[in-house]
Protein chains: 2
Amino acid sequence: MARVRMSDVAAAAGVSTATVSMVLSGAGGDRISAATQAKVREAAEAIGYAPNSVARSLRTQRTRMIGLISDSIATTPFAGRMLAGANDAAREHGHLVVLVDTDGDPAQERQAVEALTGQRVDAMVYARMWHQVVDAPAGLAEGSVFLDCRPAHGSWPAVVPDDREGGVAATRELTAAGHRRIAYLDAPAGGVVASALRHEGYRQVLAEAGIAPDPALHVRGETDAGGGRAAAEELLDLPADRRPTALFCFNDRMAMGAYAAARRRGLRIPEDLSVVGYDDQQLIAAELDPPLTTVALPHYEMGRWAMEVALGERTADPDEPHRMPCPVIRRESVGPPPPARASR
Amino acid sequence: MARVRMSDVAAAAGVSTATVSMVLSGAGGDRISAATQAKVREAAEAIGYAPNSVARSLRTQRTRMIGLISDSIATTPFAGRMLAGANDAAREHGHLVVLVDTDGDPAQERQAVEALTGQRVDAMVYARMWHQVVDAPAGLAEGSVFLDCRPAHGSWPAVVPDDREGGVAATRELTAAGHRRIAYLDAPAGGVVASALRHEGYRQVLAEAGIAPDPALHVRGETDAGGGRAAAEELLDLPADRRPTALFCFNDRMAMGAYAAARRRGLRIPEDLSVVGYDDQQLIAAELDPPLTTVALPHYEMGRWAMEVALGERTADPDEPHRMPCPVIRRESVGPPPPARASR
DNA sequence: ATGAAAGCGCTAACAT
DNA sequence: ATGTTAGCGCTTTCAT
């Protein structure tokens, strides 16, 4: 790599390294004469000088690197856009991101914190692939920020999707179309914080619309297509007067399964059955037939937000997670309820 | 962050920093007495010493960081497992990866190379989201390695999927089941190197099986579900005696569209029509009904390979890309051709 | 078996 | 307006 040092530039320009440092770092704008500045820049250019950030970091105690620890953002095809948001924000502020994927293994997390601390990153972001409550890794510095998760204990800034409002928006999409028998195809019970929050949102909308919640319309299944299909079948096998006219699915994969169940029964979407998903997974939502109306997770924006607070470009309350809105993506899977069951 | 330095450990242990350095770096195994070693370790532990990698790097001229420049691996949900492979290999050898996503923008690439060079990363990996031939970014150091792409000019180690053999494997899956009228749903003409390679493999298998290639069975479409569907429709509208009994699709998304086209015509998969995809995209291949037989891209292995040569743990020919095998993933979308057209 | 001392390449007081 | 100088925290000869 580059072998030429600042002293070489200084020699070539006939000035001291201090002068070179000042002009090249821009700090000497007013202190160094224009002529000298030009001379220095030319010399640097001519001999192909590239500053050594390691030396600078040692001196300034700032590395312009941000550590990003994740359970598996990088390795799974899901929340990658969080990285994009974080990366963009870092770049815009002249920082680099050092990424460590730990598979969610606490031992690896501890090592990651250690390695990143050793490299003296200016700050750390701790990210999860999906919204959850986590134990902070051992040794995580104050000033770190949580991305798509929040710490069970301790006080750190955090950003998570506003899953409650997402549940509201999804359900409202359905009540607005005229539905009153709306099912919620939920994730398995326990642990999944998004599941409970979306359910809250769902119930709130029903209440506002004066719809009595029917426990039979709240079913659970694995969060994949198979689970969604099984759950949807259970629902569609209900007697006609108790059967839902619309399905709010915990995620797009379950919605995909619900499509399959509807298809088996000869039900058309959205004419006979309306469906709303969650996640806006491009590979599914946009390519389903018909394209799926869904609620998007603001991954990119959350990644940006987290990086901006890590960089100190934005302040945040360390005791209350920032909830990022989840926009509805309208496509073609929602319509009015079928006439036969449109009125009660 | 940690404020305690090696001199603090030295003082606490009553030895010199040289001694501390030796024992803590393991280099003093035979030179320092066991008693002193223990004393030093205890002192370090007691006062919570954590070495400063920046200072070490300045001194040793090695940062134990590898730069990874990608067009958008991190930001799109596709080739993320390349990152996992790279990350795992780096970790196993005590290195960290500094990730920069450039969106494929040459200006950003140049900046990335510059920033990474400035940080004195020990090596760089240049990755693309899908197999392509690229112009190396300006200033890319010798010794860098190309991941999922190969340089149009210049001499660098590179790793790409063996798309030709993948095409062979996919097609053979179909001839082995007894098919003779096998269509290739290709990507649009031009540029996509994988497209041509897979086509070569396809033709080779036909030739080996003594099947005369029918130009009507080579159709092209956009590489999404819509394109696959249109291409499949064209094929399925052929007169019965010319219609294919099996479809080899450029990717899983096109296969998804082919499923839709088949469904519209009342064709069952695999009883009436066999389908093979490419990519093994979990969200699609495994969740389609029936699950799709496909060819997997060895993303994880390629990521690992690239990182290992970047780390110098593996040697590679800089003038010939390493071709990584693409395994067939057998699921349920391939069967024998329907009886009516089974024989020629 | 251990210590002294010279830097790695840069920045930032402080001088001039 | 520019130069001198003292480190940042560590590793590594070379001495002892």
Side-chain angles (χ1 to χ4, degrees), chain A residues 1-41 43-44 47-65 94 115 117-122, chain B residues 1-41 43-44 47-65 94 115 117-122:
Chain A
M1 301 230 159
R3 295 266 45 131
V4 15
R5 288 151 308 162
M6 188 175 270
S7 59
D8 298 322
V9 179
V15 299
S16 73
T17 60
T19 301
V20 176
S21 176
M22 305 242 72
V23 355
L24 260 28
S25 72
D30 41 344
R31 306 186 40 186
I32 312 290
S33 75
T36 305
Q37 299 224 16
K39 211 167 48 183
V40 168
R41 283 186 220 284
I47 65 180
Y49 172 69
N52 182 327
S53 306
V54 176
R56 171 187 306 178
S57 294
L58 181 59
R59 180 61 231 235
T60 61
Q61 308 285 33
R62 305 198 47 227
T63 53
R64 306 195 140 260
M65 297 193 301
T117 304
Q119 293 286 0
R120 295 295 188 271
V121 296
D122 293 340
Chain B
M1 302 234 159
R3 295 267 46 132
V4 15
R5 289 150 308 160
M6 188 175 272
S7 59
D8 298 323
V9 179
V15 298
S16 74
T17 60
T19 301
V20 175
S21 177
M22 306 243 72
V23 356
L24 260 27
S25 72
D30 42 343
R31 305 186 40 187
I32 312 289
S33 74
T36 305
Q37 298 223 19
K39 210 167 49 182
V40 168
R41 284 185 218 285
I47 65 181
Y49 171 69
N52 181 328
S53 306
V54 176
R56 168 187 307 174
S57 294
L58 180 58
R59 181 59 230 240
T60 60
Q61 308 285 36
R62 306 197 48 228
T63 53
R64 307 195 139 261
M65 298 194 301
T117 304
Q119 293 286 0
R120 295 296 190 270
V121 295
D122 292 341

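Values in this document were obtained by computation on a predicted structure and should not be read as measured data. The sequence lines fix the lettering, A, B, ..., with proteins before strands; numbering per chain opens at 1.
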Between [N] ([atom2]) and [X] ([atom1]): distance, integer Å:
{"X": "Tyr49(A)", "N": "dG9(C)", "atom1": "OH", "atom2": "C1'", "result": "7 Å"}
{"X": "Leu58(A)", "N": "dG7(D)", "atom1": "CG", "atom2": "P", "result": "14 Å"}
{"X": "Gln119(B)", "N": "dC10(C)", "atom1": "CD", "atom2": "C1'", "result": "13 Å"}
{"X": "Leu24(A)", "N": "dA12(C)", "atom1": "CG", "atom2": "P", "result": "14 Å"}
{"X": "Met22(B)", "N": "dT12(D)", "atom1": "CE", "atom2": "C1'", "result": "7 Å"}
{"X": "Ile32(B)", "N": "dA1(C)", "atom1": "CD1", "atom2": "P", "result": "9 Å"}
{"X": "Arg56(A)", "N": "dA12(C)", "atom1": "CZ", "atom2": "P", "result": "9 Å"}
{"X": "Asn52(A)", "N": "dC8(D)", "atom1": "CG", "atom2": "P", "result": "18 Å"}

Base dT12(D) to side chain Arg59(B), donor-acceptor N/O within 3.5 Å cut-off: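 In this structure, the two groups form no donor-acceptor pair.
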Selected nucleotide, minimal atom distance to [X] side chain, candidates [options]:
{"X": "Ser21(A)", "options": "dT4(D), dG9(D), dT11(C)", "value": "dT11(C)"}
{"X": "Met6(A)", "options": "dT11(C), dT12(D), dC8(C)", "value": "dT11(C)"}
{"X": "Arg31(B)", "options": "dC10(D), dT13(D), dG9(D)", "value": "dT13(D)"}
{"X": "Val15(A)", "options": "dG3(C), dG3(D), dA5(C)", "value": "dG3(D)"}
{"X": "Ser33(A)", "options": "dA1(D), dG3(D), dG9(D)", "value": "dA1(D)"}
{"X": "Ala18(B)", "options": "dG3(D), dC10(C), dA5(C)", "value": "dA5(C)"}

Does OP1 or OP2 of [N] have a side-chain N or O of [X] closer than 4.0 Å?
{"X": "Gln37(A)", "N": "dA1(D)", "result": "no"}
{"X": "Ser7(B)", "N": "dG9(D)", "result": "no"}
{"X": "Arg120(A)", "N": "dG9(D)", "result": "no"}
{"X": "Thr17(A)", "N": "dC10(C)", "result": "no"}

Close side-chain approach of [X] to [Y], heavy-atom, < 4.5 Å:
{"X": "Met65(A)", "Y": "Asp122(A)", "answer": "no"}
{"X": "Pro51(B)", "Y": "Arg56(B)", "answer": "yes"}
{"X": "Thr63(B)", "Y": "Gln119(B)", "answer": "no"}
{"X": "Val23(B)", "Y": "Arg41(B)", "answer": "yes"}
{"X": "Met6(A)", "Y": "Ser21(A)", "answer": "yes"}

Pairwise 5' ranking along DNA chain D for Gly14(A) and Thr60(A), keeping only the more 5' one: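 Mapping each residue to its closest nucleotide by heavy atoms, the 5'-most match is Gly14(A).
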Sugar-phosphate, base or nothing in reach of Thr36(A), heavy atoms under 4.0 Å: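 The answer is sugar-phosphate, as Thr36(A) gets under 4.0 Å only of primed atoms, P, OP1 or OP2.
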Distance (rounded to the nearest 0.5 Å) between Arg120(A) CZ and Ser53(B) OG: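 Between atom CZ of Arg120(A) and atom OG of Ser53(B) there are 7.0 Å.
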Upstream residue (5' side of DNA chain C) when Ala55(A) and Ser16(B) are each assigned their closest nucleotide: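 The residue mapped nearer the 5' terminus is Ser16(B).
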